[in-house]
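What follows is a single structure, written as structure tokens, with notes after it.
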Amino acid sequence: MAEIRSYQMFIDGAWSEAADGALLDSINPATGKVWCRFPAATSSDVDRAVEAAHRAMAVGPWATMTATARGKLLRRLADLLAERADRLAEVETTDTGKLIRETRAQIRYVADYFHYFAGAADKLEGSTLPIDKNDMFVMTVREPIGVVAAIVPWNSQLMLAAVKIGPALAAGNAVVLKASEHGPAPLLELAQLCADAGFPAGVVNVVTGLGDPCGARLTQHPLVARIAFTGGPATARHVVRNSAENFATVTLELGGKSPIVVFDDCDIESAVNGIVAGNFGASGQSCVAGSRVIIQSGVFDEVTARVAERAGRIRIGDPQDAATEMGPLATKAQLDHVEAVLARSLAGGATLMGGGNRPQGFAQGWYFEPTILLCPHPDIASAREELFGPVLSALRFETEADAVRLANDTAYGLAAGIFTRDGARSLRMMRQIRAGIIWINTYRAVSPMAPFGGYGQSGAGREAGFESLLDYSRTKTVWINTGSAPMGDPFAMR
Ligand code: NAD
């Protein structure tokens, strides 16, 4: 039997158990067996991490480090990530079931995110103001905000951590990163890289544990000044309520039910690849899954048939095998959820065009077939609710106006795909669809330069891009009296 690995949390530059010694199990989704254990942080562990971060910002090398020097540390971290990407990928794949071919490529790209933020560190500038008073010189300076609480779910954790801690550290903040209880190992490995890169003690802390108490204490801690949260909308409501305690500013990256709109005049092969990428990439466990596929009548039968044919050829298997195209779902609860929504959808009038079962030959692990549902109307459960699994809901439309109406018929608004050869139409659609990210004739592309975030129930705020750096700093306004006369009447506003 393989040995069960043990992880500790990283607090104030040292490895640490939970105060009460409690541990949680992480299960390998491909086998259904425990592969590592990690601490279940108590409130006092979280307090220790936040206090360490607060201290690091007040005293010690981080407090006085130049922005250029911070950038150099981030660059070193990026290089270490790229060097050790294969080991990290193996850990993430074992911990979450995400395909090795995706984790390897994604972690190398995460290094590029850190390079981007490293370069941005010393580009944050204040300004001088053309003030409307002759005897005053007024300027603004940008300062770090304080302790940042960064909370991530289990999918794409290193990427989701990078878009939080990258800009936070570039702008001079200190971070307490909370890993998901379903697969925290990659972020604990990242903590080691931060130490190896030379970040001073307390600047990056990684805590592990359950949403409550670990996440709950972190989001209401009085010394936390900013919260960057990625997860589901129900948890986000707790986070926002908690932030009423510390008035931290909050960024929310939540779920989605994103549309992929396919017009009659599209390049069919491109659309089919976009639909497969948007629904079966990462086994559909992606916040930007394009799980409402809205297809114009003229190509509906052809597109659904070709997607079903491609889905039928998807290689399901061991996520550690580079040839595998779809691995297991990350947790048993996920699998149960997918099956429950599927059952309600079929009862509500959807027709199964492919998949719909646990695949044969996988007695262990939480595998599910790529599944295609034909939905007669948008109120079918699978067309409304986020499944976070490999289930696609296909809906038919006739006119461009119908397509806009269907695309916007959701409480979410994270992303949308549009497949058409008509450039003007793609721009008309882009303007009318309420979503934070629009992909035209492509799907699931990301970059450190491109802001990422949603509308409505998909959240608030943006990650990545230069504007995210502004969110991790704040403006201080400085007034200097340059007049030769002393300050006058104390009872009149100047
Ligand atoms: P989740 O909301 O259950 O958990 C997310 C994180 O919040 C975990 O670390 C969890 O421990 C923590 N948490 C739980 N309760 C908390 C509390 N009371 N206070 C503070 N933190 C708490 O989400 P999940 O099931 O792990 O992930 C799936 C969800 O994440 C989906 O809805 C998905 O769409 C979303 N997601 C969004 C994006 C995006 O960028 N928009 C990216 C990936 C995933």
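Counting convention: from 1, in listed order, for ligands and their atoms alike. Predicted model, so just to flag it, every value in this text is computed and none were measured.
- Atoms of ligand 1 found under 4.0 Å from any heavy atom of Val152, numbered from 1 in the order shown, are 6 (C), 8 (C), 9 (O).
- When the heavy atoms of Phe452, Phe229, Phe388 are ranked by distance to atom 33 (C) of ligand 1, first place goes to Phe388.
- Taking every non-hydrogen atom of Asn155 and a distance limit under 4.0 Å, the qualifying atoms of ligand 1 come out as 43 (C), 44 (C).
- Protein heavy atom closest to atom 27 (O) of ligand 1, with residue, atom name and distance, is Pro153 CB, 3.2 Å.
- Of the charged side-chain nitrogens involved, none lies within less than 4.0 Å of a carboxylate oxygen, so that Asp471 and Arg462 do not count as a salt-bridged pair.
- Residue Leu414 has no N or O atom closer than 3.5 Å to an N or O atom of ligand 1.
- The nearest protein atom to atom 12 (C) of ligand 1, hydrogens excluded, is given as Ile151 CG2, 3.8 Å; this is a heavy-atom distance.
- Ranking protein heavy atoms by distance to atom 23 (O) of ligand 1, first place goes to Gly232 N, 3.5 Å.
- Distances from ligand 1 to the non-hydrogen atoms of Ala179 include at least one value under 4.0 Å.
- When only interatomic distances are considered, the shortest N/O to N/O separation between His182 and ligand 1 does not fall below 3.5 Å.
- Of the possible donor and acceptor atoms, one in the side chain of Thr42 sits under 3.5 Å from a partner among the backbone N and O of Asp45.
- For atom 3 (O) of ligand 1, the closest heavy atom belonging to the protein is Thr235 OG1, 3.7 Å.
- Within the 4.0 Å heavy-atom criterion, the part of His238 lying near ligand 1 is the side chain and not the backbone.
- Atoms of ligand 1 lying under 4.0 Å from at least one heavy atom of Gly231, given by number and element, are 2 (O), 5 (C), 23 (O), 29 (C), 30 (O), 32 (O), 35 (C).
- For ligand 1, the atoms lying closer than 4.0 Å to a non-hydrogen atom of Ala216 are 19 (N), 20 (C).
- When Gly211, Ala289, Pro233 are ranked by how near their heavy atoms come to atom 17 (C) of ligand 1, first place goes to Gly211.
- The Cys287 neighbourhood of ligand 1 comprises atoms 34 (O), 36 (N), 37 (C), 38 (C), 39 (C), 40 (O), 41 (N), 42 (C), 43 (C), 44 (C), with distances under 4.0 Å to a heavy atom of that residue.
- The number of heavy atoms from other shown groups lying within 6.0 Å of CZ (Arg434) does not exceed 12.
- With values rounded to the nearest 0.5 angstrom, Ser43 atom OG is found 7.5 Å from Asp212 atom CG.
- Both the sub-6.0 Å distance and the 45° axial angle are satisfied by Arg226 relative to the ring of Tyr472.
- The closest side-chain donor-acceptor pair between Lys98 and Ser156 falls under 3.5 angstrom.
- A salt bridge does not link Lys33 with Asp25: none of the charged nitrogens is closer than 4.0 Å to a carboxylate oxygen.
- Using cut-offs of 30° and 60° for the angle between ring planes, the Trp15 and Phe10 rings count as tilted.
- Within the 4.0 Å heavy-atom shell around ligand 1 one finds Ser180.
- A 4.5 Å side-chain heavy-atom check between Ile151 and Thr230 finds every atom pair outside the cut-off.
- Selection from Arg237, Gln285, Glu386 by nearest heavy atom to atom 34 (O) of ligand 1 gives Glu386.
- Taking distance alone, with nitrogen or oxygen atoms compared against 3.5 Å, Lys178 approaches ligand 1 more closely than that limit.
- Only the side chain of Glu181 comes within 4.0 Å of ligand 1, judged by heavy-atom distances.
- In this pair, Tyr113 and Phe117 present their aromatic rings tilted. The plane angle is within the 30 to 60° band.
- When only interatomic distances are considered, the shortest N/O to N/O separation between Trp154 and ligand 1 falls below 3.5 Å.
- Considering backbone and side-chain N/O atoms, Leu254 comes within less than 3.5 Å of an N/O atom of ligand 1.
- Ring-plane geometry between Tyr7 and Trp35 is classed as perpendicular, the angle between the planes exceeding 60 degrees on a 0 to 90 degree scale with a lower cut at 30.
- Residue Thr230 places no N or O, backbone or side chain, under 3.5 Å from any N or O of ligand 1.
- The shortest contact between atom 21 (N) of ligand 1 and any protein heavy atom is with Gly215 CA, 3.6 Å.
- Using a cutoff of 4.0 Å between basic side-chain nitrogens and carboxylate oxygens, Arg384 and Asp409 are scored as salt-bridged.
- The pair Arg48-Asp12 fails the salt-bridge criterion, with no side-chain N (NZ, NE, NH1 or NH2) lying under 4.0 Å from an Asp/Glu carboxylate O.
- Under the 4.5 Å side-chain criterion, counting only non-hydrogen atoms from C-beta, Leu329 is not in contact with Phe388.
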